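All values below come from the heavy atoms of this structure, side chains included, with hydrogens, waters and symmetry mates left out. Quick caveat: nothing in here was measured; it's all calculated off a predicted structure.
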Amino acid sequence: MSGVLRYSAFTKDPAGGNPAGVVLDATGLSDDEMLAIAAEVNYSETAFVLPGSGEREFDVRYFSPKAEVPFCGHATIATAVALAERIGDGLLTFHTPAGEITIETAAGTATLTSVPTSTSEAEPELVKQALEALGYAEIGDAPVHVGFGGARHLLIPLKDREQLRTLDYDFDALRDLMLAHDLTTVHLWWRDDAGLVHARDPFPVGGVVEDAATGAAAAAFGGYLRDLEGPQRFVISQGEDMGRPSRLEVDATREDRRVSVTGAAVVIGV
């Protein structure tokens, strides 16, 4: 485990944000070995880096303690900051199972630009079963969509901040439903005002109850809001209710359907 770095992403405080493992040289590691390392690290995600085809280009894979995922935003931010600390700030390119991700790094922060996002209205039966697993009899007025920004997320509006704060769900039921529909997280959100959204992301398919910051869901959600309301920029506040406050800055103004997500990352202890 000596080759595993530990960073917390979407925060400047090691006690906040979402922890990620980072392996900067995964050369020679098998899939089973990467999964075993991720399980031992026991963060929601660990990123594994391999040399790419060009300068400042890298092949990156992401493993939760239970399975590989195609893309992870907070581990991307953590990995980009770790690399920038070693090779200097500037543009990085990650080739991921979800596609090419570009990241701009500067002074301990990183801005990832996602693959093109897409959203579609969720099937009524999926929504019904998700709300049953989550224990919600009613939700907010916005439509429930499945959003994509490198991975698939179920985007559910809640009616108020208190409903978000009191999240308590059936872990096994939600996990099984998400696996059946290829969902990475359920992104529960409530908008405080035009510039601030509060969110929580159950992640039972990864073997953890909740993500403290979910960059991939932020990208998908940015695409969702842009599709519904037009181009915009806003901040997602996540992790507050689990004691790890996180700040994700979302820019959903690009014409090519990609969404940018910005955050800081810091080294944390073992």
Side-chain angles (χ1 to χ4, degrees), residues 9-11 17-18 20 44-45 47 60 62 69-81 91-106 109-122 142-157 182-201 203 211-239 246-265:
F10 294 112
T11 182
N18 199 4
S44 59
E45 305 288 349
V60 183
Y62 309 92
V69 299
F71 176 65
C72 173
H74 84 274
T76 293
I77 295 294
T79 302
V81 169
L91 180 67
L92 299 167
T93 301
F94 287 0
H95 300 283
T96 79
E100 182 178 291
I101 306 295
T102 58
I103 310 101
E104 284 282 357
T105 60
T109 66
T111 298
L112 70 84
T113 298
S114 74
V115 298
T117 60
S118 62
T119 63
S120 60
E121 193 162 352
V144 178
H145 277 210
V146 173
F148 177 81
R152 285 163 49 88
H153 305 267
L154 185 62
L155 312 173
I156 301 179
D182 189 29
L183 298 169
T184 299
T185 72
V186 176
H187 186 72
L188 305 169
W189 63 276
W190 175 76
R191 183 152 53 182
D192 194 344
D193 57 43
L196 178 62
V197 173
H198 295 269
R200 299 184 75 169
D201 279 68
F203 186 38
D211 247 355
T214 317
F221 180 68
Y224 162 87
L225 282 188
R226 181 196 54 217
D227 290 350
L228 291 177
E229 302 174 359
Q232 56 195 282
R233 294 182 176 90
F234 57 92
V235 170
I236 294 176
S237 180
Q238 192 178 338
S246 307
R247 178 184 173 89
L248 300 83
E249 300 174 16
V250 182
D251 182 345
T253 61
R254 298 173 63 101
E255 295 182 358
D256 61 6
R257 300 194 61 81
R258 296 189 294 166
V259 172
S260 296
V261 183
T262 299

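Ala110 pairs by the side-chain contact (heavy atoms from CB on, under 4.5 Å) definition with Ile77, Ala80, Val81, Ile103, Thr105, not counting sequence neighbours. Asp193 meets the side-chain contact (heavy atoms from CB on, under 4.5 Å) test with Leu196; sequence neighbours excluded. Shown here are the side chain to side chain donor-acceptor pair (under 3.5 Å) partners of Asp182, two or more places apart in sequence or in another chain: there are none. Partners of Glu104 by salt bridge (charged side-chain N to carboxylate O under 4.0 Å, His left out), not counting sequence neighbours: none found. Remark: Asp192 pairs with no residue by the salt bridge (charged side-chain N to carboxylate O under 4.0 Å, His left out) rule, at least two apart or across chains. When the side-chain contact (heavy atoms from CB on, under 4.5 Å) test is applied to Phe148, the partners found at least two apart in sequence or on another chain are Val115, Ser118, Arg152. In terms of the salt bridge (charged side-chain N to carboxylate O under 4.0 Å, His left out) criterion, residue partners of Arg254 (sequence neighbours excluded) are, by chain and number, Asp256. Partners of Gln232 under the side-chain contact (heavy atoms from CB on, under 4.5 Å) rule, at least two apart in sequence or in another chain, are Arg191, Leu225, Glu229, Phe234. Gln238 pairs by the side chain to side chain donor-acceptor pair (under 3.5 Å) definition with Asp201, Thr214, not counting sequence neighbours. Qualifying side chain to side chain donor-acceptor pair (under 3.5 Å) partners for Thr76, counting only residues two or more places apart in sequence or in other chains: Tyr62. Looking at residues two or more places apart in sequence or on another chain, you find no ring-ring contact (aromatic ring centres under 6.0 Å, His included) involving His153. Listed by chain and residue number, nothing satisfies the side chain to side chain donor-acceptor pair (under 3.5 Å) test with Ser120 (two or more places apart in sequence, or in another chain).
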Q.
Run Thr11 and Ser246 through side-chain hydrogen bond (donor to acceptor under 3.5 Å, both in side chains) and show every step you take.
A. CA-CA 6 Å; Thr11 182; Ser246 307; over 6 Å; no

**Q.** Full working for side chain to side chain contact (heavy atoms under 4.5 Å, CB included) between Arg226 and Thr117
**A.** CA-CA 10 Å; Arg226 181 196 54 217; Thr117 60; 2.8 Å; yes

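Ala212 and Gly17 make their closest contact through CB-O, 3.4 Å (heavy atoms, listed as atom of the first residue, atom of the second, distance).
Not a single donor-acceptor pair under 3.5 Å links the side chain of Thr111 to the backbone N or O of Thr262.
Note: Phe221 and His187 have tilted aromatic rings, judged against thresholds of 30 and 60 degrees for the angle between ring planes.
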